[in-house]
Amino acid sequence: MKPKVMLGIPTMGSIHTHLVLLILNLMAKASTEGKYGLTIYTTVAVQPVDNARNEIVRTFLEGDSTHLLFIDSDTVPPPDVIDKLLAMNVPIATGITPIVDYNEHTKEFYRKWNVVDMDDKHVSPNTGIVQARGAGSSCILIRRDVFEKLEFPWYRFLYQDKYVISEDIHFTAKANGAGFKTYADTSIICQHAKTTMW
């Protein structure tokens, strides 16, 4: 059976221009090559982002798509992202996206990647396919049965003392706990648009 992918984009009302161009390319490719079906759903100004992601999942489950691909509105994956994620044939498949963080000791900004391996270490680009303990949802493909088994809310922020566990890390931890393994293809290197493109 041909996979049907729903592309879900949580947005506050705008999508990066390079992502729009990628989406147009992906739609044309899906139409001409016929390897997978592709539909798109965006939220507008639904916040916080856990509410936006949950709305997207609800809409996904009301349709007949086999996979949900989250791409954040400020993330630009490579053109072969869907082919590579589907080829992994796992419940949860992700690319990697840079995150800008601040080092209090050096007083400098630095880049790390939004996926941690089973040893809780941030992955590095082009190091193969890695099983992940946690992954951000900026570019992640999730099979339908994962959401069907997990209870609502699929995404939510967790607050512990002064720390916040993000909604996407919470999701992968919950899914992993239910037996759905997450894998990252570290050759799927996304760009992340903030004040500059990382």
Side-chain angles (χ1 to χ4, degrees), residues 5-24 26-27 38-63 65 67-77 81-82 85 92-102 109 111-116 122 132-144 146-178 180 182 184 190-198:
V5 178
M6 186 181 103
L7 170 55
I9 306 173
T11 170
M12 289 304 295
S14 64
I15 298 174
H16 194 282
T17 305
H18 290 148
L19 177 56
V20 172
L21 294 173
L22 174 70
I23 291 167
L24 293 172
L26 291 173
M27 291 178 69
L38 183 62
T39 58
I40 299 169
Y41 181 82
T42 66
T43 59
V44 178
V46 176
Q47 55 182 315
V49 70
D50 54 347
N51 289 339
R53 292 198 193 281
N54 285 323
E55 179 182 314
I56 290 169
V57 174
R58 255 190 237 101
T59 303
F60 167 74
L61 290 174
E62 288 168 1
S65 293
H67 296 77
L68 173 58
L69 172 61
F70 274 115
I71 299 179
D72 284 355
S73 62
D74 62 355
T75 300
V76 184
V81 61
I82 295 179
L85 290 173
I92 305 170
T94 185
I96 62 173
T97 304
I99 302 170
V100 181
D101 211 342
Y102 184 71
F109 289 96
R111 180 173 65 181
K112 62 183 180 183
W113 299 92
N114 71 334
V115 174
V116 294
H122 287 270
R133 185 181 303 278
S137 287
S138 57
C139 176
I140 193 166
L141 182 77
I142 305 155
R143 230 171 39 201
R144 171 178 280 272
V146 176
F147 294 117
E148 290 175 337
K149 182 171 181 182
L150 298 179
E151 294 181 5
F152 176 85
W154 302 280
Y155 289 87
R156 72 182 175 117
F157 286 102
L158 294 180
Y159 299 91
Q160 295 179 347
D161 301 322
K162 61 180 182 176
Y163 298 102
V164 177
I165 298 173
S166 66
E167 86 293 346
D168 43 9
I169 298 298
H170 169 255
F171 168 77
T172 52
K174 184 176 176 179
N176 289 343
F180 295 108
T182 302
C190 302
Q191 292 180 296
H192 196 184
K194 291 301 183 186
T195 53
T196 60
M197 188 76 89
W198 286 81

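No more than 12 heavy atoms of other residues, nucleotides or ligands sit less than 6.0 Å from atom CD of E151. Atom CE of M12 has more than 12 neighbouring heavy atoms from other residues, nucleotides or ligands inside a 6.0 Å radius.
Relative ring orientation between H16 and H18 is described as tilted, the plane-to-plane angle lying within the 30° to 60° band.
Here the side chains of V57 and F70 are in contact, with some heavy-atom distance below 4.5 Å. When side chains are defined from C-beta on, P153 does not count as touching D50, because their heavy atoms never get closer than 4.5 Å. Looking at heavy atoms from C-beta onward, L38 lies in side-chain contact with I82 at the 4.5 angstrom threshold. Side-chain contact between D72 and P10: present, with at least one pair of heavy atoms (C-beta onward) separated by less than 4.5 Å. Side chains of L22 and L19 form a contact here, defined as non-hydrogen atoms less than 4.5 Å apart.
Because its NZ or CZ atom is not both nearer than 6.0 Å to the ring centre of F171 and within 45° of the ring axis, R53 does not count as a cation-pi partner of that residue.
Taking the ring-ring contact (aromatic ring centres under 6.0 Å, His included) definition, one finds that Y41 meets it with nothing, sequence neighbours left out. Looking at residues two or more places apart in sequence or on another chain, you find no side-chain hydrogen bond (donor to acceptor under 3.5 Å, both in side chains) involving T11. In this view, S138 and T97, N114 satisfy the side-chain hydrogen bond (donor to acceptor under 3.5 Å, both in side chains) rule, not counting sequence neighbours.
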